[in-house]
Amino acid sequence: MATSAAIPTNAHAASSEQTGLWSWLTTVDHKRIGILYLYTALFYFLVGGLEAVLIRTQLAKPNLSVVSADFYNQLFTMHGTTMVFLVVMPLSAAFFNYLIPLQIGARDVAFPRLNAFSYWVYALGGLFITLPIFWGLAPDGGWFGYAPLSGPTYGGGFNMDFWVLGLQILGISSLAAAFNFITTIINMRAPGMTLMRMPMFTWMSFVVQFLVILAFPVITAALFFLQFDRFFGTHFFEVAAGGDPLLWQHLFWVFGHPEVYILILPAFGLVSEVLPTHSRKPLFGYNVMAYSGIMIGFLGFGVWAHHMFSVGMGPVADSIFSVATMLIGIPTGVKIFNWIATMYGGSLRFPVAMKFAIGLIAMFTIGGISGVMHSSPPSDLQQTDTYFIVAHFHYVLFGGAIMGIFAGIYHYFPKITGRFMSEKLGEWHFWLNFIGLNLTFFPMHYSGMLGMPRRIYTYDAGQGWDLFNLMSTSGTYLLLVSGLIFAYNFFSSRKNGAPAGNDPWGAPTLEWSIPSPPPEYNFAQIPEVTSRYPMWDLKAPDRTAGIAHSHADAGVIAEAHAVPVHEETERRTAKELGIPIPFPTIKPLLVALGIVVLFSGLIVLHAGNFPLAMATMLGGGAFMVGSLYAWLTSPLE
Amino acid sequence: MPKLHLRRFAPAAALVVALLVLAACGGEYPNSTFSKHTELNEGAVFIWDRMMLLGTIVFVIVEALLIYTIWKFRRREGGPAPRQIHGNAALEITWTAIPALILVFIAVPTVRTIFENQRKAPAEALQVEVIGHQWWWEFRYPQYGITTANELYLPIGKTVNFSLRTKDVLHSFWIPQLGGKRDLISNKVNHIWFTPNAAMEPSALNGACVEYCGTSHANMRFRTFTVTPAEFEQWAAHQKTVAIGSPAAIAAAAAADSAAKAAAKSPVVKTASLVPTAAPALHAAPSSAPEVWVFPAEKIGPHAWPSTPLPAVAFDESVLAAGDAKAGRELLTNPANLGKAPCLTCHVIKGETNYATDDNARGPNLTHFGSRHTFGAGLFRADAKALALWIKNAPAMKPGSQMPSFGAGEYNPLIKAPVPAAAGLDDKQIADIVAYLRSLK
Amino acid sequence: MSTDRAHADHAHEHPTWKQYKWVALWLFVITVLEVWAYYIPAFVASKAFVPSLLIMSAAKFVIVVMFYMHLKYDHHLFRKLFTGPLIIAGCTLVAFLFLFAKV
Amino acid sequence: MATATAAGAHEAHEHTHYTTTGLNHRKIAMWAFIGSECMLFGSLITTYLVYKGRSVVGPFPHQPWTDPVSGKVFPAILDIPVTSASTFVLLMSSLFMVLALAAVENKGKPGYEGLLGSSKFWLASTAAAGVIFLVFQAYEFTSFVHLGLTIKTNLFGSSFYTLTGFHGAHVAVGVLWLMTMLFIDIKRGLTPKDAINVDIMALYWHFVDVVWIAIFTLVYLIQ
Ligand code: HEA
Ligand code: HEA
Ligand code: CUA
Ligand SMILES: [Cu+2]
């Protein structure tokens with residue numbers, strides 16, 4: 001593998017005192033918060049994965065009873081919820097945190113403490129929704145919580161309380177983070193970093209933040225309705241009072257569909273970083289890539305009802321949503337072709353990161369095509385709520401989002417830790433993952449079209465599904481093995497990986513101009529940016545010569561290939577350089593804690609202990625407000 | 001190291017593909033969605049085929065381009081430096097336009113079929129009301145006055161218009177072989193219609209609930225029997241009668257007898273147009289209820305015979321064999337036994353004294369229970385053993401079932417306690433009830 | 001690079017008391033009209049009622065946003081940040097009204 | 001490179017750091033937040049409208065209703081005169097708010113000497129108007145409850161109280177914010193340097209007003 005001239009890893013410029021638990025609890029450094037996100041999300045990936053393993057074990061053969069019906073229902077609900085809200089979104093957030101400031105040449109995010117707050121709300125909210133499974137009280141209404149099953153009349157237990165409140169909590173985290181990143185990207189780009197010079201990952205992240213701030217309020221409102229129904233006796237989704245379950249479905253999917261693009265676009269962004277680097281060629285059709293991302297996000301708001309073709313919306317609505325859905329295939333296809341064109345004519349190297357990136361292209365396409373197959377209602381009515389759908393969304397989610405994120409992890413691990421992950425183990429991980437993924441999810445196309453419904457904890461023999469299910473289950477175990485290999489590789493490489501240096505892959509963007517791991521302040525000097533590929537301007541000018549740098553500075557490019565690669569200077573501390581660094585603080589964590597306690601009060605209320613519930617809520621609320629006050633009145637840096 | 005391990009991957013991939021192809025060719029697929037038994041599904045299959053074709057083309061092109069590219073441009077010692085092309089407007093337009101064009105070929109038949117499928121059903125269609133319950137199906141034939149559960153009879157060659165509603169949460173009605181699904185939604189009546197076409201053999205098909213509806217969603221199945229119109233009429237003529245052995249049946253038989261004696265004409269079903277001319281003879285015999293006709297058990301394929309394992313609850317076979325239908329009827333219908341066997345507070349047996357009506361009954365209508373092949377929403381064969389265990393402890397056989405346990409000493413999850421010995425049914429009583437239920441042809 | 005930084009927030013003068021006063025007056029007048037319209041049964045019954053109320057309220061909405069929130073004078077970015085979501089929210093609302101109208 | 005050094009300045013406020021657009025971070029975030037709030041209130045209003053006329057039992061917003069069981073007659077719930085008054089108060093609060101901002105921005109400038117330049121007065125008036133609005137709302141809610149409409153009564157009650165309650169909560173937050181700002185003004189006096197903070201608060205306040213404009217028409221006036 002190409003290790004550029006061995007630059008000794010700059011382990012701890014400026015961060016000698018930044019160790020120990022307390023430093024992690026109080027950090028407001030976007031990089032460390034990114035790492036926290038990464039670890040936490042990987043932990044939940046293990047949880048969600050083990051849930052999947054149990055699911056698949058139960059379904060290995062007909063009429064098994066590995067788990068009970070009720071527990072199975074909790075498993076798939078929590079599996080979906082975990083993977084979506086506690087794994088893929090936070091893994092993306094890990095990269096937003098770590099990379100966006102580095103890619104745009106900033107020293108931190110716009111609101112460092114808000115950033116810490118987002119993380120802690122996520123971490124605590126994740127526990128809030130995950131822990132109940134140990135008491136058999138985990139949410140059991142499906143990840144889309146259809147009313148009235150999720151309401152008080154038919155879902156009267158505690159289970160869906162945790163879901164409603166947990167999602168509400170997680171929403172706070174995502175929203176706070178989104179405002180933060182929008183501001184960061186708009187306002188903290190280094191001089192010369194125009195929008196059209198932003199790295200594609202930052203671009204896709206930018207789009208995603210808008211999807212978050214527009215989609216999450218809708219689910220927030222819907223969850224409030226459900227929450228009020230459950231706790232305060234309102235009638236939003238109560239059938240007897242005339243409540244309309246379809247309102248829940250519409251609100252959920254107005255959120256839910258943009259949500260799936262929230263899950264995939266960051267992975268698209270990561271892949272758009274990995275492919276050019278290892279092809280030694282700039283991204284093909286940069287502008288088109290940026291615009292198609294925007295297009296996907298925008299169209300994503302007009303297609304939600306394709307999840308509801310079976311509810312009987314009438315032919316006009318069915319047709320409109322069907323055609324709108326098909327349209328999304330166009331900008332997505334543009335992305336696929338541009339990626340291939342990026343590689344075409346290049347000089348391709350295949351480290352594990354590249355393999356995963358290519359894997360995404362190959363696998364996502366399968367999921368995308370089955371997606372288009374769902375978009376035609378007459379045909380979807382045979383597919384909806386069967387394993388064919390399960391196949392579709394695992395191809396796009398596992399074959400797309402997770403593969404892309406793996407590509408990102410292998411690619412950026414050297415930047416984050418200063419060391420490479422083992423390529424050898426990585427190969428095993430990749431191939432087992434690739435085979436396991438196809439073995440698990442491809443047969444689901446068959447079981448689905450041969451009539452197997454989703455969300456069934458058992459099925460009868462003789463239905464023609466046995467073989468496919470057995471294949472799926474075997475594939476899952478392969479995936480488990482590959483995941484464990486990854487985990488081992490991940491942890492052992494942190495200490496024992498080969499040293500990586502600043503720019504191990506010969507990549508084009510700013511984050512590679514600084515040491516690995518980067519110093520606390522990122523850039524000793526805020527760089528002046530003159531093109532999309534500053535590092536290539538510097539190191540491989542032939543690759544970028546043909547790209548129109550912005551006309552204003554086209555003339556000065558020669559001397560202004562101006563990204564200095566600071567190797568020595570950045571061994572100095574922030575203090576020595578006179579760079580203000582935000583103070584570490586525990587307050588965001590405390591506010592987050594207050595919020596979670598506040599929400600827990602409602603559970604106590606449901607349990608019927610009114611005084612204790614009031615005490616919990618008032619206590620949590622007061623604690624939150626107090627900590628918030630302390631936060632707002634203390635100086636940032 | 002940086003070379004593609006295609007070879008390592010190839011055998012595994014080949015194996016998967018081979019297995020899948022084999023799988024798709026051999027074997028029986030009783031729930032396949034690709035059948036052409038109805039016009040509804042023909043439309044679906046037509047679009048599916050087209051999408052499959054176009055999708056495969058797109059897939060092959062993309063993957064071929066991808067593989068070609070990674071093979072051709074892999075880095076080689078002394079290979080050429082990359083050609084630095086960064087974009088190409090003509091290409092961008094091409095790969096925007098071609099997918100758009102492909103989509104037109106999908107969109108047009110899609111919209112056409114949507115409007116076709118959602119036309120109003122023909123007026124002369126057979127009406128069937130489907131009512132979802134957690135976790136069983138109620139079927140009504142309003143034109144015949146029939147209420148039944150979990151087994152659906154459909155005449156071949158005749159359009160059926162289903163109106164779908166639910167008593168509780170959302171469910172979804174699906175018979176994969178006959179067409180797409182439609183949800184049962186609270187506060188709304190949904191519709192779907194199709195015509196099992198004349199070319200279809202009489203057959204037993206599986207159906208399922210496909211909208212997650214709680215604990216036993218997986219156990220909310222049903223059977224559909226497509227039968228000839230003559231058979232259908234025969235079945236229906238019997239199903240609409242009151243229960244065998246009920247006071248109403250005895251009275252009706254007496255009335256019919258005297259009517260026959262008065263040489264009045266035989267009772268003709270309202271929907272005479274449905275009946276092929278030869279059929280009336282089959283049940284025109286005066287002085288008795290129409291003859292029972294059910295879908296013949298021999299014609300039911302293995303896929304439609306449930307093999308759900310029975311719980312390990314003991315039941316003495318000899319006691320079971322000695323069940324007495326008369327005693328069973330007494331247990332169910334004598335108000336004195338209501339404390340022990342409150343069956344008729346939740347179930348309706350037409351002709352007996354019921355405490356529930358069709359509209360507020362919590363359990364399936366049992367009037368002609370003996371003519372069903374399966375029970376518990378398609379979970380169990382309607383044999384004596386399974387039935388006995390069911391009455392003893394239904395929730396142990398079907399998680400979450402809303403039917404309480406009645407066996408003395410059995411745990412009843414609805415009251416979260418065992419049934420007191422005094423209040424519960426002993427095995428003998430259960431055997432009697434089973435005998436009675438099975439006699440309700 | 002640094003030149004455009006200084007007080008770009010306030011690069012354009014905000015409106016003054018004079019304008020504010022007129023804006024307030026307009027808002028007041030439109031509100032009075034709205035309420036007045038509500039009390040004319042014949043008008044309430046007519047087809048024009050709903051559209052005219054919608055137009056009046058939209059007018060107030062726009063006036064406040066343009067002048068009081070000085071979007072008219074402020075950075076174009078803010079306009080985008082506001083109108084984009086507003087349009088999506090509006091379209092979604094209308095779509096819902098259609099979807100639920102025929103049930 | 002001058003900017004880079006400028007970014008190293010030691011001031012503890014982000015607007016002294018380098019920013020790409022020259023805009024204030026928090027102001028950008030506030031506008032993004034307001035965009036997001038459009039979707040929140042959009043969903044709440046949509047729900048109210050979708051459920052309009054779908055309640056199984058009364059009372060109803062615009063028509064009287066006779067309970068078929070008890071025979072009791074319930075009047076139409078909404079009280080347009082009262083709400084018109086509170087709407088007016090809220091509209092005027094927006095005027096006070098812009099004047100408060102102008103006073104802070106132009107502190108000491110000619111033309112801003114007397115009352116016009118008293119940010120304290122205008123902040124206090126805005127907050128007071130907010131409080132009056134909330135009092136109106138409290139009055140409204142209690143009188144509706146006395147008329148027989150609670151959040152549990154029917155779909156109208158559920159969606160009405162939730163929508164207007166959310167709006168009221170936003171007003172309440174705004175009032176707290178205003179009071180804090182007033183407190184600071186009293187303690188140390190706001191100067192043009194603080195204008196940005198008042199500006200951001202004002203954006204929030206006006207947005208809450210704008211939402212009410214929509215609610216007033218869609219919920220109260222259109223029948
Ligand atoms: C990462 C997440 C993700 C992504 C990216 C997508 C992408 C798409 N999805 Fe998927 N989807 C889900 C996650 C995702 N989906 C989930 C989780 C569910 C289930 C939710 C649940 O019920 O629990 C779901 C369900 C779902 C349904 C509902 C099915 C049902 O329940 O009945 C539909 C229906 O239209 C659909 C369609 C699509 C389409 C058209 C795309 C398109 O964006 C795909 C576009 C991509 C391509 C088409 C491939 C590349 C293009 C080319 C190579 C160009 C040429 C192609 C053509 C001309 C076709 N999806
Ligand atoms: C990103 C989203 C995501 C991902 C990655 C997955 C991954 C998997 N899913 Fe999931 N799935 C969903 C999202 C996802 N799923 C959703 C949204 C639903 C719908 C839920 C609903 O209906 O409500 C669903 C439903 C669903 C079902 C249908 C259940 C049902 O309808 O009854 C099944 C069944 O087979 C299934 C299987 C799997 C399997 C085998 C995996 C495997 O790929 C998992 C493999 C992973 C592992 C085995 C873990 C290995 C990882 C590690 C060991 C990490 C360690 C690393 C460190 C700690 C450093 N999933
Ligand atoms: Cu009924 Cu699922
Ligand atoms: Cu979707």
Side-chain angles (χ1 to χ4, degrees), chain A residues 104 106-107 110-111 114 175 178-180 182-191 193-194 209-210 212-222 224-225 228-229 232-236 238 240-244 247 250-251 254-255 523-528 562 577-580 632 635-637, chain D residues 1-14 16-47 50-51 53-57 150-159 161-163 165-166 176 180:
Chain A
I104 62 175
R107 293 219 167 106
F111 307 105
L114 186 65
L175 280 167
F179 296 127
N180 206 345
I182 286 180
T183 312
T184 306
I185 295 175
I186 290 181
N187 222 17
M188 294 186 76
R189 280 166 288 133
M193 172 70 76
T194 58
Q209 307 314 323
F210 283 99
V212 170
I213 67 164
L214 296 179
F216 269 80
V218 183
I219 187 77
T220 302
F224 269 122
F225 300 153
F228 288 1
D229 276 4
F232 308 135
T234 56
H235 298 301
F236 288 99
E238 285 302 285
D244 193 339
L247 180 67
H250 279 293
L251 290 173
V254 167
F255 151 79
F523 299 93
Q525 288 191 336
I526 298 290
E528 191 108 22
L577 289 166
I579 298 173
L632 292 178
L636 175 66
E637 54 194 22
Chain D
M1 283 295 111
T3 41
T5 11
H10 299 271
E11 274 301 311
H13 287 99
E14 77 257 14
T16 56
H17 284 290
Y18 171 78
T19 59
T20 318
T21 57
L23 302 169
N24 177 284
H25 281 349
R26 279 170 300 138
K27 191 163 170 186
I28 297 177
M30 177 50 78
W31 272 108
F33 175 72
I34 288 175
S36 177
E37 292 270 281
C38 287
M39 288 303 279
L40 179 72
F41 279 104
S43 311
L44 294 168
I45 293 175
T46 303
T47 299
V50 163
Y51 275 162
R54 290 225 195 170
S55 299
V56 197
V57 294
T150 71
I151 198 168
K152 299 181 186 183
T153 307
N154 55 14
L155 289 178
F156 164 58
S158 296
S159 55
Y161 284 116
T162 304
L163 168 58
F166 261 90
L176 284 180
T180 317

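Just so it is clear: chains get the letters A, B, ... in the order the sequence lines come, proteins before strands, and each one is counted from 1. Remember, it's a predicted structure, so these values are computed and weren't measured experimentally. Any value given below was found using the heavy atoms of this structure, including those in side chains, with hydrogens, waters and symmetry copies removed.
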Specify the closest pair of heavy atoms between [X] and [Y], including all atoms of both residues, with the distance to one decimal.
X	Y	answer
A:Ala221	D:Leu44	CB-CD2, 4.3 Å
D:Ser158	A:His235	OG-N, 3.0 Å
D:Arg26	A:Phe111	CG-CE2, 3.4 Å
D:Ala32	A:Ile213	O-CD1, 3.6 Å
A:Thr183	D:His25	CG2-O, 3.2 Å
A:Phe225	D:Ser43	CZ-O, 4.5 Å

To the nearest 0.5 Å, what is the distance between [atom1] on [X] and [atom2] on [Y]?
X	Y	atom1	atom2	result
A:Met188	D:Thr20	CE	OG1	8.0 Å
A:Ile186	D:Thr19	CD1	OG1	11.5 Å
A:Thr184	D:Ile28	OG1	CD1	9.5 Å
A:Thr234	D:Ile151	OG1	CD1	6.0 Å

Of the listed residues ([options]), which shares the most heavy-atom pairs with chain A below a 4.5 Å separation?
options	answer
D:Thr153, D:Thr180, D:Leu40	D:Leu40
D:Thr150, D:Thr47, D:Thr46	D:Thr47
D:Val56, D:Val57, D:Leu155, D:Val50	D:Leu155

Is any side-chain heavy atom of [Y] closer than 4.5 Å to one of [X]?
X	Y	answer
D:Phe33	A:Leu175	no
A:Phe236	D:Thr162	yes
D:Met39	A:Phe216	no
D:Tyr51	A:Leu247	yes

**Q.** Engaged part of A:Ala178 at the chain D interface, taking heavy atoms whose separation is under 4.5 Å
**A.**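 Interface part for A:Ala178: neither.
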Q: Below 4.5 Å from any heavy atom of chain D, which atoms of A:Ala106 appear? Answer side chain, backbone, both or neither.
A: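 The answer is neither part of A:Ala106.
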Q | Contact winner vs chain D - A:Ala215, A:Gly233, A:Ala190, A:Ala240, heavy-atom pairs under 4.5 Å | A |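 The candidate making the most pairs under 4.5 Å is A:Gly233.
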Q.
Under 4.5 Å from any heavy atom of chain A, what part of D:Phe41 do you find: side chain, backbone, both or neither?
A.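 Neither part; nothing is under 4.5 Å.
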